[in-house]
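What follows is one structure encoded as structure tokens, with my remarks underneath.
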Amino acid sequence: RAVILWDARTGEGEHRMQGDTGVVACVSFSADGTRLASGSEDRSICVWDVATGAFLRKISDAHFDFVARVTVSPTDRRRLVSAGGTDQAYAWNVDDNREGITVVGLTPDTGA
């Protein structure tokens, strides 16, 4: 229910970031290393400031079930993509929590 950032040199926890009410299933750093997004079993996505550990934003009910994957855009830390267990992915604008694009019906590759 928390994300802990550890200092690799000292082995000590730098920030304990709490905001998810379910088990955290995935995390993703922004390309510039300033933001971290977490996806949770509570169907939410939380965004954090890496330097301070401050909670910045929560997108509640991002999926119908748990958030299985989250990725911060490599070119713009204001956007992210999330995927849940219902085979749907969503693109989000983190600044206003709006869903921008819904990618529907992702199916496994059948090799055909």
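Basis for what follows: all heavy atoms, side chains included, without hydrogens, waters or symmetry-related copies.
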(request) Please assess Val67 against Cys26 for the test side chain to side chain contact (heavy atoms under 4.5 Å, CB included), listing each intermediate value before the final yes or no. (result) CA-CA 8 Å; Val67 179; Cys26 55; 4.2 Å; yes

(message) Which residues pass the side-chain contact (heavy atoms from CB on, under 4.5 Å) test with Thr10, not counting sequence neighbours?
(response) Asp7, Glu12

(request) List in chain and number order the residues that pass ring pair (Phe, Tyr, Trp, His ring centres under 6.0 Å) with Phe29, two or more places apart in sequence or in another chain; answer none if no residue qualifies. (result) none

(request) Measure from the side-chain N and O atoms of Ser30 to the backbone N and O of Thr34, and report whether any donor-acceptor pair falls under 3.5 Å. (result) yes

(message) Other members of the hydrophobic cluster containing Trp6, with the 4.5 Å side-chain heavy-atom rule, please.
(response) Ile4

(message) Is there a side-chain contact between Thr71 and Leu80 in this structure, where contact means two heavy atoms from C-beta onward sitting under 4.5 Å apart?
(response) no

(message) Filter on salt bridge (Lys or Arg N to Asp or Glu O under 4.0 Å), then keep only pairs touching residues 26-35, sequence neighbours left out; what's left?
(response) Asp32-Arg77, Arg35-Asp49

(request) Measure the spacing between CD1 of Ile45 and OG of Ser60 and express it to the nearest 0.5 Å. (result) 10.0 Å

(message) Within this structure, what is the CZ-SG distance for the pair Arg57 and Cys46, rounded to the nearest 0.5 Å?
(response) 11.5 Å

(request) Can you run down the salt bridge (Lys or Arg N to Asp or Glu O under 4.0 Å) pairs that involve residues 60-73, sequence neighbours left out, and say none if there aren't any? (result) Arg43-Asp61

(request) Verify, without hydrogens or angle tests, whether Ser40 (side chain) and Gly22 (backbone) share a donor-acceptor contact under 3.5 angstrom. (result) yes

(request) Check each of Leu56, Val50, Val72 against Leu36 using the side-chain contact (heavy atoms from CB on, under 4.5 Å) test, and report the only one that passes. (result) Val50

(message) If you define the side chain from C-beta out and look only at heavy atoms, does anything of Trp92 sit under 4.5 Å from Ile59?
(response) yes

(message) Is there a path of hydrophobic side-chain contacts, each under 4.5 Å between heavy atoms, that joins Val27 and Val81?
(response) no

(request) Identify the two heavy atoms, one from Pro74 and one from Ala31, that lie closest to each other, and give their separation to 0.1 Å. (result) O-CB, 3.4 Å

(message) For residues 59-88, which residue pairs pass the ring pair (Phe, Tyr, Trp, His ring centres under 6.0 Å) check, not counting sequence neighbours?
(response) His63-Tyr90

